[in-house]
Chemist: 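Would you mind keeping the following structure in view while I ask a few things?
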Amino acid sequence: MSVDVSSALGVFDSGVGGLTVVRALRELLPNESIIYLGDTARVPYGSKSPDTIRRFATEDTQFLLNRQVKAVVVACNTATAHALPDLQRSFRVPIIGVVEPGVEATLEASDCERVGIIGTAGTIRSCAYQHAIAMRRPDVRVEAIATPLLVPFIEEGWLDHPALKSVLREYLKPMLAKGIDTLVLGCTHYPLLVPMLKRLLGGKVRLVDSASTCAAHTKRCLEEHCLLRTSRTKPTLEIHLTDYSEQFENLAHRFLGADFGKIKKAQL
Ligand code: DGL
């Protein structure tokens, strides 16, 4: 397959969460075109088995490669945790995940001692974050819990709902009791909860997400492969969904504040 620097970057997630990575990519790489795939027909990925997640991630990547993308960002922790090495072995373009960037961002603060991680059941069960932190900083204490009720709230656009507040309180109680100083948002959907998390945690706990470090990794990777787009024509942003949803469109407009034209129906 010939790779063209003017081709778009491909980005995928199970739903709306990957837009948090798209936003960071557009900030850091404003000259790049992006094709986004949200697998909204099959969200959530977090409750699926590793085999199913690997199959979905392979189909998502293939969909993007059929549109000649020059690199793929797996903007989903669950898919990164279970499928990244497989995808990197199976496809010839650079494929970038979100877990390593998330760990890097977590350990940036040298005073972090007790880290809480929240993520989908699939991500937490994979122990991808726990292992990656232990490899670099075995002294850091890690409390990881699966928080499967959060993605449905976010996909529904209930970002400010009192029911979400109660759910978050319940989830965070044991971690706060253990005195975490850092909370890793181990799911690309969760940055959409930051305003509510800040209200709940009141600045006592550092919040970490992988979006901006993932964008930095992507930039380095494109530089290394001489794939940065050089054209000065306006870059494009296309969104493809396996199932159209109005909530997605509203959230995407609110969150990205960007023009992405009409959402396209993806057939995987
Ligand atoms: N945003 C995804 C993640 O980072 C997936 C959430 C889901 O589909 O369960 O894990």
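Read the numbers this way: they start at 1 and go in the same order the structure lists the ligands and their atoms.
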Chemist: Could you name each residue pair satisfying ring-ring contact (aromatic ring centres under 6.0 Å, His included) that touches residues 176-221, not counting sequence neighbours?
Modeler: none
Chemist: Output all residues satisfying ring pair (Phe, Tyr, Trp, His ring centres under 6.0 Å) with Tyr45, sequence neighbours left out; order by chain, then residue number.
Modeler: Phe56
Chemist: Side-chain donor-acceptor contacts of residues 252-261 below 3.5 Å, not counting sequence neighbours, with atom names and distances?
Modeler:
| from | atom 1 | to | atom 2 | distance (Å) |
| --- | --- | --- | --- | --- |
| Asp259 | OD1 | Gly261 | N | 3.2 |

Chemist: State plainly whether the residues Glu59 and Arg42 are in salt-bridge range, i.e. N to O under 4.0 Å.
Modeler: yes
Chemist: Are there any N/O pairs under 3.5 Å between ligand 1 and the protein, and if so, what are their distances?
Modeler:
| from | atom 1 | to | atom 2 | distance (Å) |
| --- | --- | --- | --- | --- |
| ligand 1 | 1 (N) | Asp13 | OD1 | 3.0 |
| ligand 1 | 1 (N) | Asp13 | OD2 | 3.4 |
| ligand 1 | 1 (N) | Thr188 | OG1 | 2.8 |
| ligand 1 | 1 (N) | His189 | ND1 | 2.7 |
| ligand 1 | 4 (O) | Asn77 | N | 2.7 |
| ligand 1 | 4 (O) | Asn77 | ND2 | 3.2 |
| ligand 1 | 4 (O) | Thr188 | N | 2.8 |
| ligand 1 | 4 (O) | Thr188 | OG1 | 3.3 |
| ligand 1 | 8 (O) | Ser14 | OG | 2.6 |
| ligand 1 | 8 (O) | Tyr45 | N | 2.7 |
| ligand 1 | 9 (O) | Tyr45 | N | 3.3 |
| ligand 1 | 9 (O) | Gly46 | N | 2.8 |
| ligand 1 | 10 (O) | Asn77 | N | 3.4 |
| ligand 1 | 10 (O) | Thr78 | N | 3.1 |
| ligand 1 | 10 (O) | Thr78 | OG1 | 2.6 |

Chemist: Less than 3.5 Å apart, any donor N or O on the side chain of Asp4 or Ser6 sitting next to an acceptor on the other?
Modeler: yes
Chemist: Any side-chain heavy-atom pair from Leu228 and Glu32 closer than 4.5 angstrom?
Modeler: yes
